[in-house]
2 protein chains.
Amino acid sequence: MLNFIEIKVLHIDDHLLFAQGIHSLLGNETFIRELIHAQTLNEGIRIAEKLQPELILLDYFLPDANGIESLQLLQKISPSSKVILLTMESNPDVIENCKREGAIGFLQKTIGKKTLLEALNKAMQNIPTFPPSILAPTRQSNPQSLVKILSKREKQIANMVSEGLTSAEIAKKLFLSELTINTHRRNIMQKLELKNSAQLVAFIEKLKFMDIS
Amino acid sequence: MLNFIEIKVLHIDDHLLFAQGIHSLLGNETFIRELIHAQTLNEGIRIAEKLQPELILLDYFLPDANGIESLQLLQKISPSSKVILLTMESNPDVIENCKREGAIGFLQKTIGKKTLLEALNKAMQNIPTFPPSILAPTRQSNPQSLVKILSKREKQIANMVSEGLTSAEIAKKLFLSELTINTHRRNIMQKLELKNSAQLVAFIEKLKFMDIS
DNA sequence: AAAAAAATACCAATTTCTAGGTATTGGAAG
DNA sequence: CTTCCAATACCTAGAAATTGGTATTTTTTT
């Protein structure tokens, strides 16, 4: 344990009770000099800017931003901070995205204090901590990478489809020809390799659920 | 505060770290004689049976059961226990269902220690604690009550539709006529007052998300 | 400036879905 | 025992979606 190094930790999580719990749990860990809590990303960014914490514990779901955005913003504001996601999310795609975006760790809230401390220490030694699930190679389709290939218009139309609008209705709303909407729909289907709009809607709703739209 | 009454509390939550935090946070509250933690509903039920706790703090999402089921089972096993939902869920329908099923409180994890203690004390005086959202009368469609009116077959077919299967494919899988599937689909649409399968799929996916299927 | 991608629009054919009706069977509830 | 509902199945007509191809204009990227 590198307990001789005292670090500043910023914990961003809208679940106040959880944050208070963490605070109480880590309260007498001597290697933590400061443990600050922010309940929104905005608040977190303001604090991170001033505090320049060595470590940021970040919840994936925040009221004012989605996980990936939060991660990117924080790293821009405070590049020296190491970010560990601490969240209940467990989707492999989400975890992989966080890893790719430069997080040094991803912890689920199902872990215990011991595991948390281990991860904190590892992070300070620049050793990443990720759940084993992302090591499993059994993966073929990554929703996020797929959605990235949709253009703005296509995303817009995909969303309207998943709200139950017909092509004709979408056309009217966007002041476009129905034929144009049909073309867009066809392109969306091809790009996402889906075979009907039921699958498209299921796909879109799952994205919304996972908060990576 | 009724601090002179010492109660036994059971906390059921798969998020160990959160539970440890709560434990640490409530550790020196004298009105709590015992604070036991269970990580699954099964474990929780075993403990509740023996312990007969005055109070149960229950997470809505558990790995081995959904929220309503958990609530019902616990009340059967330990009828004298008051149950407070302590969860990140905030859907008004879910809250209302919990209230209807006999919970004495519903708390989101965004609250703080103070609010939690207040709710615990109230619960022991038989005073319920629910978020103000369910008092708001602006509600017309309750997904759960809607889904309840679907028959088994209809639910099954609705789910297959939301997986992207066509009527013909569903018919083949279930060894039924495609015409039968069409009839079922029509009845589903009518019962749920939806106008196309896109809306149906969105509806089903939201239910899955909310864990009230 | 040239090439690539996105957005737009059209035609035609086919499949799938939606909506109206009807009807038989079996089981559950009264 | 009868009445109600779920599950099954059929017919028909029309609406919507899917799939094939093509083409022009604008925007973005190289």
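Protein chains get the first letters and strands the later ones, always in sequence-line order, with residue 1 at the start of each.
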Let me check I have this right: for DNA chain D, each base becomes ., (, ), [, ] or |, based on Watson-Crick or G-U pairs with both distances under 3.5 Å. What is the full string? ||||||||||||||||||||||||||||||
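The ring pair (Phe, Tyr, Trp, His ring centres under 6.0 Å) check on B:His37 picks up B:His11, with sequence neighbours excluded. Looking at residues two or more places apart in sequence or on another chain, you find no ring pair (Phe, Tyr, Trp, His ring centres under 6.0 Å) involving A:His184. Residues that satisfy the side-chain hydrogen bond (donor to acceptor under 3.5 Å, both in side chains) test with B:Glu205, not counting sequence neighbours, are B:Ser162, B:Lys208. For A:Gln156, the side-chain hydrogen bond (donor to acceptor under 3.5 Å, both in side chains) partners are A:Arg153, not counting sequence neighbours. Applying the ring pair (Phe, Tyr, Trp, His ring centres under 6.0 Å) criterion to A:His23, with sequence neighbours excluded, gives no partner residue.
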Could you give me the CA-CA distance, side-chain angles and deciding distance for A:Glu169 and B:Lys195, then say whether salt bridge (Lys or Arg N to Asp or Glu O under 4.0 Å) is met? CA-CA 13 Å; A:Glu169 289 168 339; B:Lys195 50 186 270 290; 3.3 Å; yes
Run the side chain to side chain donor-acceptor pair (under 3.5 Å) check on A:Asn182 and A:Arg185 step by step: do they pass? CA-CA 5 Å; A:Asn182 283 341; A:Arg185 288 183 72 151; 5.6 Å; no
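Computed from coordinates, the A:Leu179 CG to C:dT8 P distance equals 13 Å when rounded to whole Å. D:dA9 atom C1' lies 11 Å from atom CD1 of B:Ile181, rounded to whole Å. Counting to the nearest Å, the C1' atom of D:dA6 and the CG atom of B:Leu174 are 15 Å from each other. Put simply, CD1 on A:Ile157 is 13 Å from P on C:dA6, counting in whole angstrom units. For A:Ile188 and D:dA17, the CD1 to P distance is 12 Å, given to the nearest whole Å. Atom-to-atom, CG of B:Leu176 to P of D:dA6 comes out at 17 Å; the value is rounded to the nearest Å. Going from atom CG of A:Asn187 over to atom P of C:dA5 covers 13 Å, rounded to whole Å. Remark: P of D:dT28 and CZ of A:Arg153 are 13 Å apart, rounded to the nearest angstrom.
Residue pairs meeting the salt bridge (Lys or Arg N to Asp or Glu O under 4.0 Å) criterion with at least one partner in residues 7-19 of chain B, sequence neighbours excluded, are B:Asp13-B:Lys109.
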Can you give me every donor-acceptor pair (side chain of residues 43-50 of chain A, partner residue at least two apart or in another chain, under 3.5 Å) with its distance?
from: A:Glu43; atom 1: OE1; to: A:Gln39; atom 2: N; distance (Å): 3.1

Indicate for each nucleotide in nucleotides 13-23 of chain C, in 5' to 3' sequence, whether protein heavy atoms under 4.0 Å reach the base (B), only the sugar-phosphate (S), or nothing (-). ----SBBBB--
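For A:Thr180 and C:dA9, the shortest distance from a side-chain N or O to OP1 or OP2 is below 4.0 Å.
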